[in-house]
Amino acid sequence: MGCSASCSGRIVHSDDDKIKDAKIIFVVGGPGSGKGTQCEKVVAKYGYTHLSSGDLLRAEVASGSERGKTLQAIMQKGELVPLDTVLDMIKDAMIAKADVSKGFLIDGYPREVKQGEEFEKKIGAPCLLLYIDAKGETMVKRLMKRGETSGRADDNEETIKKRLDLYYKATEPVIAFYSSRGIVKKIDSELPVDEVFGHVAKAIDGLK
Ligand SMILES: Nc1ncnc2c1ncn2[C@@H]1O[C@H](COP(=O)(O)OP(=O)(O)O)[C@@H](O)[C@H]1O
Ligand SMILES: Nc1ncnc2c1ncn2[C@H]1C[C@H](O)[C@@H](COP(=O)(O)OP(=O)(O)O)O1
Ligand SMILES: [Mg+2]
C-alpha cells in the first residue's frame, strides 16, 4: 500500500509503509538450538527488536482468550499453528515497534517455506538468515534440561520428539530456500554461548 493524500493535503503513511524498509533478520534453527539465547545477546549489543513467534503465541495463551486455548492445544502437540495467526501477530508487533526499531530479529519464523513466502508478500525481504545449528541429541538434551524449569507445555520428551521431526521435515527446507539467495549464515551452536555469539556478531557486522 502506498501513501495517500488526506483532505488537508498531508501525506498519510499506512501501517505497511512503516515497516516496508525495515532491516529484517530471520533466526532459524531446531527447537532448543539456542535461538532465544543468541537473540537476547544481539538485543544487548545491537539494540535490535527481538520478536519470537513462540513468545508471541505464549503471550496469547497466557491472556486466557478463546484463541489462546486453541493455540495451546496445537503447541502442546508440537504442531504448527495456522500461518495467518502467527504472521498477523508478528506484523502487528513490528508495526508497534517500527518507529523506534533499528532492526528486527524474527525468531522461530519461518517454520516452513510457505511462511517465508507469505512474510515477504505482506512485510518484506530478510537481509540475513542466521541458521542456528546443533545436533539432534544436543537439542533434546537442552530441551529436557530447559523443561525442568521452563513450565512450557511442549518441553517434554514426547512433544520434543515431534517438534524435532517437524523441524527436519518442514523447517530445514527453509534454509535451502534462502541459501540460493546467498543470505544464510550457518552458526555452529554446539560451542559455548559466548563463542556462538562471536560468530553471530560477525555475521551481523558483515551487513552493510
Ligand atoms: N551454546 C549453548 N551451549 C549450551 N547450552 C545452550 C547453548 N545455547 C542455548 N543453550 C541452552 O539450551 C536451551 C535452549 O535454548 P533456547 O535459546 O531457549 O533455544 P530455542 O529458542 O532455539 O528453543 C536453554 O536452556 C539454553 O540455556
Ligand atoms: N512460525 C510459527 N508457525 C507456526 N507455529 C509456530 C511458529 N512459531 C512457533 N510456533 C508454535 C509451534 C511451536 O512448536 C511452539 C513453540 O515455538 P518456539 O517457542 O519458537 O520454540 P523453540 O524456541 O523451542 O524453537 O509454538
Ligand atoms: Mg525460543
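Reckoned from all heavy atoms, side chains included, excluding hydrogens, waters and symmetry mates. Just follow the structure's listing: the first ligand is 1, and inside any ligand the first atom is 1.
With ligand atoms numbered from 1 in the order given, ligand 2 contributes 1 (N), 7 (C), 8 (N), 9 (C) to contacts under 4.0 Å with heavy atoms of Ser53. Taking every non-hydrogen atom of Gly34 and a distance limit under 4.0 Å, the qualifying atoms of ligand 1 come out as 8 (N), 9 (C), 15 (O), 16 (P), 17 (O), 19 (O), 20 (P), 22 (O). Residue-ligand proximity, Ser189 to ligand 1, at heavy-atom distances under 4.0 Å covers atoms 1 (N).
Nearest-residue assignment for atom 9 (C) of ligand 1 (options Val193, Thr37, Asp188, Leu191; heavy-atom criterion): Thr37. Here atom 1 (N) of ligand 2 lies nearest to Gln115 when heavy atoms of Arg146, Met139, Gln115 are compared. By heavy-atom distance, the residue among Met75, Gln72, Glu79 lying nearest atom 26 (O) of ligand 2 is Met75. Looking at Arg142, Lys35, Met139 and measuring to atom 13 (C) of ligand 1, the nearest heavy atom belongs to Arg142.
A distance of 10.0 Å separates CD of Glu112 from NZ of Lys169, quoted to the nearest 0.5 Å.
The proximity of Leu83 to ligand 2, defined as any non-hydrogen pair under 4.0 Å, does not occur for either the backbone or the side chain. No part of Arg142 comes within 4.0 Å of ligand 2, judged by heavy-atom distances. Looking at Val86 against ligand 2, only its side chain comes within 4.0 Å, counting heavy atoms. When non-hydrogen atoms are compared, ligand 2 lies under 4.0 Å from the backbone of Val81 as well as from its side chain.
Checking only distances, Arg152 does come within under 3.5 Å of ligand 2, N or O to N or O. Ligand 1 has an N or O atom lying under 3.5 Å from an N or O atom of Gly32, backbone or side chain. Between Arg58 and ligand 2, an N or O atom pair is found at a separation short of 3.5 Å.
Side chains of Ile74 and Leu57 form no contact here, defined as non-hydrogen atoms less than 4.5 Å apart. Side-chain contact between Arg111 and Leu83 is absent, with no heavy-atom pair separated by less than 4.5 Å.
Side chains of Ser65 and Glu60: a donor on one and an acceptor on the other come within 3.5 Å. Of the N and O atoms on the side chains of His199 and Asp188, not one donor lies less than 3.5 Å from an acceptor on the other residue.
Taking atom 13 (C) of ligand 2 as the reference point, the nearest protein heavy-atom neighbour is Arg111 NH2, 3.5 Å. Among protein heavy atoms, atom 25 (O) of ligand 2 sits closest to Lys35 NZ, 2.7 Å. Of all protein heavy atoms, the one lying nearest to atom 6 (C) of ligand 2 is Leu57 CD1, 3.7 Å. The shortest contact between atom 24 (O) of ligand 2 and any protein heavy atom is with Arg163 NH2, 2.7 Å.
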Quiz prompt | Trace of the side-chain contact (heavy atoms from CB on, under 4.5 Å) decision for Arg58 with Arg152 | solution = CA-CA 9 Å; Arg58 283 185 288 277; Arg152 275 178 56 164; 3.1 Å; yes
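Side-chain atoms of Tyr46 come within 3.5 Å of backbone N or O of Ala201 as a donor-acceptor pair.
Ionic pairing of Lys161 and Glu158 is not present here: no N-O contact between side-chain nitrogen and carboxylate oxygen is shorter than 4.0 angstrom. By the 4.0 Å N-to-carboxylate-O rule, Lys91 lies too far from Asp84 to be salt-bridged with it.
Taking the six-membered ring where tryptophan is involved, the planes of Phe119 and Tyr109 are tilted, since the angle between them lies from 30° to 60°.
In this structure, Gly29 does not count as a contact residue of ligand 1, since none of its heavy atoms falls inside 4.0 Å of the ligand. Heavy atoms of Cys39 stay at 4.0 angstrom or farther from ligand 1.
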